[in-house]
Amino acid sequence: MLDSALIADVPLGPFQGHAIPVYSARGKSSKLHARRTCTRLRADGVVMSEVPLNAGTVGRMCSSCAQHGGWGRPDSGVGLFLRALGGVGLLYQLHQYTEADPDYAVDQEEVERAAEVLRAEPVAEEDEEHDDGDWEVRDDARRLRESVVSAWRGAARSLHLAQVTVASFPWLAEWARPKTALKEQFLETLRGQAALFVTPAGLLAAAAAASMDEPDLPSGDSAFAAIGDSTEVARRLRAMWSGWQSKARGSWDLPRDALLTYGAVHGIRQNRKGYVEARAAVGRLLASWEDEARRIADAAGTGAPVVLTVCLPEIQEDETYRSPGRETGLLADLDDWTIGVLLTHLTSADWGHRRLTVCVPQLIADRLLSRSSLLHCEPASTTSKAVTVTAEASQLGPGVFDDTTVHRRRPLTTDHLRLLRSAGTAEDELYIVFSTDGGTEVLPFPELERRAARGWRGVLVASSTNLPAALIEPWSDEVGQRPEDQDGWWPGRLRDADDPLFGEELGLNAGAQQAAWLVFGDEARVRERNLRLLAVARGVQDLRSLDAGYDRLGRSRGLPSAVWHGLLAPGQDLDLEPFEAPGGRGWKPGGSGIPLGVLANVQVYAVNADPRFQGKGHSPFCPHTRERGVVAGDDLLTVADLLSDKGFDWCSKCSG
């Protein structure tokens with residue numbers, strides 16, 4: 001993959017001259033590395049410096065780092081730009097699917113022969129002309145078909161990824177145009193080969209079968225007597241109809257599957273009286289359905305064709321949820337019938353924006369327009385011009401993230417956030433943003449995405465990783481390391497009221513210790529990240545707004561548990577008796593009536609605190625709530641609310 005490494009002729013656009021951190025051995029001609037741990041950096045005296053990003057710097061880059069190196073912070077503009085180029089990014093995609101692989105090249109005549117084999121009716125096993133070699137030939141033809149179609153899908157995905165990246169960095173367009181042109185030509189070659197395995201008549205017949213209503217099933221016909229009574233016959237015929245229509249719905253033609261008829265007579269002895277008649281009647285019934293589907297298809301094929309615009313599903317970039325060998329999005333979730341329609345009826349394609357144009361018979365058009373769960377279709381005449389606007393808004397340059405001063409920042413768009421998500425750590429980050437309607441806010445990444453999708457106009461001021469080291473490093477030194485002689489992970493214990501240090505565990509310093517000391521693994525990196533997140537979150541008025549929700553596997557996103565412990569005081573001994581009114585009620589002795597004063601508005605977060613709803617109330621740190629911190633659905637109370645007797649029913653384990 002060395003041909004996908006960053007090279008000097010790649011246009012750097014507005015990032016030309018941008019300072020990037022590098023590591024190198026001493027010497028003016030030493031190779032530059034993106035990380036200190038690069039295996040090719042073996043010198044004893046390693047120097048860290050900042051150099052301008054230009055052709056000279058690119059020429060000195062270590063070949064491994066030029067391909068996979070993380071130059072600059074991953075959530076900075078230049079970092080995202082170079083990340084989009086390296087690895088399996090643009091430079092890799094531009095070298096993929098540009099010509100046939102000499103090791104796996106498929107001859108055109110070989111494809112035509114395989115398509116002809118699959119179009120022919122298979123020879124039944126009971127036929128005298130049946131030969132085991134016929135099935136082997138058909139299996140080879142099927143494997144070749146799968147290989148060609150898979151190559152077309154892979155080439156389409158690769159072209160889409162390349163064009164999306166070029167659209168985000170428009171200064172690459174002229175440089176990348178000859179390379180994307182080669183990809184487009186090869187993609188069309190693959191489509192032509194894959195289309196040989198599909199017939200328009202077969203697609204139309206399959207669409208007709210999918211549109212048919214369940215027919216009247218002849219369950220009372222005496223020819224089916226060997227199967228059982230009329231109820232059993234109706235059950236089996238209905239299952240056969242459902243299976244036949246289901247297979248036709250996702251196929252390139254009407255299904256030629258002997259199992260469909262076999263299921264209707266399964267379990268009946270072949271020497272039983274009436275078996276032959278029942279098997280023949282089942283075959284005639286299936287043939288009548290096929291004849292009806294072809295009749296509908298023939299009638300539909302005579303009308304004027306319809307031009308549709310097809311919008312393909314977006315690729316899911318998060319590889320965490322992708323099974324090995326399985327692509328996600330674009331063409332991955334489409335069934336064979338839809339793929340066949342695209343192969344056969346495609347007239348033009350804008351793969352970068354996932355918009356294709358097809359010219360299809362009315363019956364196929366009706367089915368495409370009704371299948372909103374798979375892809376979005378609309379008549380071509382109603383297609384809007386929103387694509388151009390989106391393409392312009394998606395361009396990334398200095399000013400979107402932290403590459404310029406704040407007063408030159410540009411509004412965030414969904415495309416910018418999609419690039420930011422590719423950095424890998426965005427979903428667990430907090431961002432300081434500014435908008436004219438909300439002012440300065442601290443938001444988790446999913447909330448940014450939701451707002452951008454609704455047309456919100458705001459700029460990103462900074463993330464927690466952007467906080468100045470001149471503030472974080474001294475603070476980290478002040479917090480210090482967790483004492484080695486301290487039992488457990490907790491930074492302190494609850495003190496008695498007569499202890500001179502009573503209440504120390506409720507202070508800001510104790511919160512910082514919680515966030516910095518409750519870490520595992522790479523302690524130095526994690527403790528600094530936790531302190532940065534804590535510093536940003538401390539200015540949030542309602543901590544429920546920091547809920548980042550759950551990922552697609554049900555895992556909670558957002559702040560680490562240690563940061564929640566640094567934000568909240570999880571003590572169980574909140575005794576309000578001295579503040580209660582004297583005299584009491586019932587068995588309660590009452591208190592001294594001391595005013596709450598500044599304590600009245602102290603915030604208290606709880607789960608299921610409302611006594612009107614069944615179930616006990618819990619603390620965000622209670623094991624019953626999986627100690628997940630504060631989420632959007634929690635209740636926000638004050639100490640004054642707790643003092644007023646509202647019948648709170650608290651958990652005995654956490655005391656609420």
Side-chain angles (χ1 to χ4, degrees), residues 115-127 129-130 134-135 138 141-142 145 195-224 226-227 232-266 268 274-303 335-341 343-345 360-368 370-371:
E116 190 64 31
V117 168
L118 294 178
R119 278 196 291 268
E121 289 285 345
V123 180
E125 291 187 12
E126 59 269 18
D127 197 309
E129 298 181 2
H130 172 73
D134 294 336
W135 292 102
R138 292 187 69 84
R142 289 191 191 96
R145 177 182 64 189
L196 292 175
F197 294 98
V198 190
T199 60
L203 292 174
L204 198 57
S211 69
M212 292 168 57
D213 296 326
E214 181 179 310
D216 294 331
L217 301 175
S219 56
D221 192 329
S222 60
F224 299 106
I227 296 178
E232 178 64 14
V233 171
R235 185 186 68 80
R236 294 198 178 203
L237 295 184
R238 187 172 294 109
M240 186 175 77
W241 160 263
S242 177
W244 177 80
Q245 189 178 51
S246 176
K247 289 189 175 183
R249 195 175 281 124
S251 303
W252 292 346
D253 203 343
L254 295 179
R256 293 176 287 186
D257 193 342
L259 291 177
L260 290 171
T261 56
Y262 174 75
V265 294
H266 177 62
I268 304 173
Y275 174 84
V276 175
E277 291 79 4
R279 185 70 183 265
V282 168
R284 290 194 300 272
L285 181 61
L286 184 63
S288 69
W289 297 343
E290 294 176 348
D291 292 341
E292 177 64 13
R294 290 194 172 92
R295 185 193 66 77
I296 296 174
D298 291 341
T302 59
D335 58 16
D336 288 343
W337 182 85
T338 308
I339 290 293
V341 171
L343 289 172
T344 307
H345 297 288
V360 295
Q362 183 65 55
L363 184 62
I364 292 179
D366 292 340
R367 188 173 179 212
L368 286 174
S370 66
R371 308 185 81 198

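In what follows, residues are counted from 1 in the order of the sequence shown. Because the structure is a prediction, the values reported are computed rather than measured.
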Closest non-hydrogen atom pair, Leu363 against Ser211:
CD1-OG, 4.2 Å
Side chain Ser246, main chain Ser242, donor-acceptor under 3.5 Å:
no
Tell me whether Arg236 contacts the main-chain N or O of His266 through its side chain, where contact means a donor paired with an acceptor under 3.5 Å.
yes
Yes or no on side chain to side chain contact (heavy atoms under 4.5 Å, CB included) for Trp337 and Ile364, after CA distance, side-chain angles and deciding distance?
CA-CA 10 Å; Trp337 182 85; Ile364 292 179; 3.8 Å; yes
Would Thr199 and Trp252 satisfy side chain to side chain contact (heavy atoms under 4.5 Å, CB included), going step by step from the backbone distance to the final call?
CA-CA 7 Å; Thr199 60; Trp252 292 346; over 6 Å; no
Please table the atom pairs, donor to acceptor, closer than 3.5 Å between any side-chain atom in residues 288-297 and protein atoms at least two apart or in another chain.
unit_1: Ser288; atom_1: OG; unit_2: Leu285; atom_2: O; d: 2.5
unit_1: Glu292; atom_1: OE1; unit_2: Arg295; atom_2: NE; d: 3.1
unit_1: Glu292; atom_1: OE2; unit_2: Arg295; atom_2: NH2; d: 2.7

What's the verdict on side chain to side chain contact (heavy atoms under 4.5 Å, CB included) for Phe197 and Arg142, showing C-alpha distance, side-chain angles and the deciding distance?
CA-CA 10 Å; Phe197 294 98; Arg142 289 191 191 96; over 6 Å; no
Shortest non-hydrogen contact between Val265 and Arg279, atoms and distance:
CG2-CD, 3.8 Å
Residues Ile227 and Ala264: closest non-hydrogen pair is CD1-O, 3.6 Å
Supply the atom-to-atom distance Arg238 CZ to Ser219 OG, rounded to the nearest 0.5 angstrom.
8.0 Å
What's the shortest heavy-atom distance between Ala205 and Asp253, and which atoms?
CB-OD1, 4.3 Å
By side chain to side chain donor-acceptor pair (under 3.5 Å), which residues pair with Gln245, not counting sequence neighbours?
Arg249
Got Leu254 and Trp244 here, is their nearest side-chain heavy-atom distance under 4.5 Å?
yes
Taking the side chain as every heavy atom from C-beta outward, state whether Pro361 and Leu204 have any atom pair closer than 4.5 Å.
yes
To the nearest 0.5 angstrom, please state how far the OG1 atom of Thr261 sits from the CZ atom of Arg284.
12.5 Å
Taking all atoms of both residues into account, what is the closest heavy-atom pair of Asp335 and Gly250, and its distance?
OD2-CA, 3.9 Å
Verify side chain to side chain contact (heavy atoms under 4.5 Å, CB included) between Phe224 and Leu237, making sure each step is shown before the conclusion.
CA-CA 10 Å; Phe224 299 106; Leu237 295 184; 4.2 Å; yes
For Arg138 and Ala120, work out which heavy atoms get closest and say how close.
NH1-O, 3.1 Å
